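Within every chain, numbering begins at 1; the chains are lettered A, B, ... in the order of the sequence lines, protein sequences first and strands thereafter. Note that the structure is predicted; figures quoted are calculated from it, not measured.
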There are 2 protein chains.
Amino acid sequence: MSEPGFAPRPTLEAVAARAGVSRATASRVVNGSEGVRAPLVERVRRAVDELGYVPNQAARTLVTRRNDAIAVVVAEPETRFFTDPFFAQQVRGISRELTAHDNQLVLLLTEGTADYQRVGRYLAGGHVDGALIFSLHAEDELPALARRAGVPTVIGGRPGWSDDRTLYVDCDNRGGARDAVRYLLGLGRRQVAHIAGPLDQTASVDRLDGFRDVLPDADPRLIVEGDFTPEGGARAMTALLERVPDLDAVFVASDVMASGALRVLRTVGRRVPEDVAVVGFDDMVSVAEWTDPPLTTVHQDIEEMGRLMAGLLLRTLEPPAQGGAEPVRAASIVTPTRLVVRASA
Amino acid sequence: MSEPGFAPRPTLEAVAARAGVSRATASRVVNGSEGVRAPLVERVRRAVDELGYVPNQAARTLVTRRNDAIAVVVAEPETRFFTDPFFAQQVRGISRELTAHDNQLVLLLTEGTADYQRVGRYLAGGHVDGALIFSLHAEDELPALARRAGVPTVIGGRPGWSDDRTLYVDCDNRGGARDAVRYLLGLGRRQVAHIAGPLDQTASVDRLDGFRDVLPDADPRLIVEGDFTPEGGARAMTALLERVPDLDAVFVASDVMASGALRVLRTVGRRVPEDVAVVGFDDMVSVAEWTDPPLTTVHQDIEEMGRLMAGLLLRTLEPPAQGGAEPVRAASIVTPTRLVVRASA
DNA sequence: CGCCCGCGTGAGAGCGCTCTCCGCATCCTT
DNA sequence: AAGGATGCGGAGAGCGCTCTCACGCGGGCG
């Protein structure tokens, strides 16, 4: 370390010179391609170590047209990204998968439409090889943006339109909801209510559909739309109690809303689960386990979903398979859910 | 859009040709440098629009040695990153500031020492112009790693060593703690306890120091070390009640721990704030407002801290100031805190 | 024993951009 | 009106890397 910030990083040229080979051969060794004889490989390796050579990614990208980087785009109409650890867990899964494949994660947070243009430009600019998009609302145009930019994309959560070219990863919202409602019925509950999420998001719709699968004839007054916040959950619970005072169970479309609902139930003196059984959805570690009482909820493996998203994207990015093998058509993934029984139901 | 994915992105060359100027002039216009006459500027602009030209970042980086990207490195010994929205908020602040300066955010999550090597290589590889590091523990070697890689760095939170070349951004943990304790004393409380964070983190130490500033002679039994989790807060509260049954106030070093403490107090039948007043630290939106009762806590502007970190880093990256102005020595920043009174004290 | 094939290596041409010259036109000065 | 100062625009040299292509050497075959 002579002068901080002034160490001129060694180039491939330097490595080649030191190893006494051509730049081409040095490149071959660095990139691990076949057909270089062992002694040469060894010499280049040593030169790399001695010089502390690290390839210049910009130069490499310039010629290969590969960035080994993917963008994670988070639309943030509401501030959900920052109030629950949902995305954080998903991002961790993504990060793990990308790291395992030597890819970098470029995080793009958007706020408002002005940012959409920015993101569009960025994606079109070929800075990344693909994009993982989280757009919570059905009508979000981020995915369209990515397609226009010609960037391979995988979406987090089922998108609002039907189109089997669009890849996504989602959990089995509908099935999970069915399990939750069936469980409540199995407990002998007769008046099962549902606090839904915002119905412009497919996750909310799917969970509601699951509820209806099991209770097709439920009194419409038993269903209230919330907004995935504790406040929203509280408001919805209040409304439900007013409309159907004798309800004895609630399936809430998210743990966060459930926490608000529990608070209301406690305030009005209904015991959980004795008077009203409550089941949530998500199994957010820091929420479900720490409500009072701890929440029975539908578990989804969020981190795994992140990993799957990244994996799926990476696979679509791979060259069309040189071997004789038929190029396996990448397909969207729906992960299973699982009911976790704690104390609230 | 002829064939998807096959649209050859236009180059500067193409823009120049269409505008009838040289590549150099086109470059000047694109980069907004002075000394190009209006009509030419206009022609180039139009060519850019018509062709949908977006500069190739790799090519640009190759010559300028600037990436316009900074890394956000999150050490994750514990899983705190994923259980509280702390980092998410900070990241949002960072993102905002970077976006405003046309920089990208590359997220590097680490788990274990193997990842440290990876991060070291990445930083040394010159992929990014600077790094923002969150290392929670005093002895973390991530900052040293970054320095060795010759990458300008700003640290989130006061680092464990004294060294004024190391830039950091932190909130006034000590002052905030003092305010909290003074407030409790002002309420007439006589037995004020403290649930500290893990004492290998400076934030915890500073908050404890603040507590001691006001209560230098506090009974040592009134101080218990927690771990920034709800469970840890609960355990600490239980221990405190056992050791000092007549305590009438607790200053908890984090809202998340305070939520655990509140739960214990409720369980054992102590009323909050009547019997025991509780003050937290952080003012995490989704925690402090939704505990029962809502938490009186020390507010810190987390997002602002993120923004400041990014701003500080960007400033150190700027060329040494061409104007006659003395290059202002960038300095660490300590942001103020503010007590937010809700219902728990 | 000579020819050809093939493997291993080197030479060199760019990838798309920035930026330093350098030439030329324009305008001001005396 | 001539010389110089000034400013605008173009030519061209790389930045560090990958990859194609051509070349040389050795071995198997005829």
The first and last nucleotides of DNA chain C lying within contact of chain A, meaning any atom under 4.0 Å from one of its heavy atoms, run from dG8(C) to dG16(C)
Among residues at least two apart in sequence or on other chains, which ones pass salt bridge (charged side-chain N to carboxylate O under 4.0 Å, His left out) with Asp115(B)?
Arg118(B)
Contacts of type salt bridge (charged side-chain N to carboxylate O under 4.0 Å, His left out), residue Asp129(A), not counting sequence neighbours:
Arg66(A)
Using five base pairs at each end to define the local axes, how bent is the helix from dC1(C)-dG30(D) to dT30(C)-dA1(D), to the nearest 10°?
50°
Of Ala26(B) and Arg65(B), the one whose closest nucleotide on DNA chain D sits nearer the 5' end is Ala26(B)
If you look only at distance, which donor and acceptor atoms sit under 3.5 Å apart when one is on a side chain in residues 36-48 of chain B and the other is two or more places apart or in another chain?
unit_1: Arg43(B); atom_1: NE; unit_2: Ala19(B); atom_2: O; d: 3.1
unit_1: Arg43(B); atom_1: NH2; unit_2: Ala19(B); atom_2: O; d: 2.9

Side chains of residues 305-314 of chain B: which donor-acceptor partners sit under 3.5 Å, not counting sequence neighbours?
unit_1: Arg307(B); atom_1: NE; unit_2: Glu304(B); atom_2: OE1; d: 3.3
unit_1: Arg307(B); atom_1: NH2; unit_2: Glu304(B); atom_2: OE1; d: 3.2

Can you list the residues that meet the salt bridge (charged side-chain N to carboxylate O under 4.0 Å, His left out) rule with Arg23(B), with sequence neighbours excluded?
Glu13(B)
Whole-Å distance, Arg37(B) CZ to dT6(D) P, equals 17 Å
Listed by chain and number, what are the salt bridge (charged side-chain N to carboxylate O under 4.0 Å, His left out) partners of Arg158(A), not counting sequence neighbours?
Asp206(A)
Using side-chain contact (heavy atoms from CB on, under 4.5 Å) as the criterion, list what pairs up with Ser332(B), not counting sequence neighbours.
Leu167(B), Tyr168(B)
Could you list all N or O pairs between the protein and nucleotides 19-27 of chain D that sit under 3.5 Å apart?
none

Could you pull out every donor-acceptor pair under 3.5 Å between side chains of residues 52-60 of chain B and any protein atom, sequence neighbours left out?
unit_1: Asn56(B); atom_1: OD1; unit_2: Ala58(B); atom_2: N; d: 2.8
unit_1: Asn56(B); atom_1: OD1; unit_2: Ala59(B); atom_2: N; d: 3.0
unit_1: Gln57(B); atom_1: NE2; unit_2: Thr61(B); atom_2: OG1; d: 3.3
unit_1: Gln57(B); atom_1: NE2; unit_2: Asn67(B); atom_2: O; d: 3.4
unit_1: Arg60(B); atom_1: NH2; unit_2: Asn31(B); atom_2: OD1; d: 3.0

Among residues 41-56 of chain A, which residues get a heavy atom nearer than 4.0 Å to DNA chain C?
none
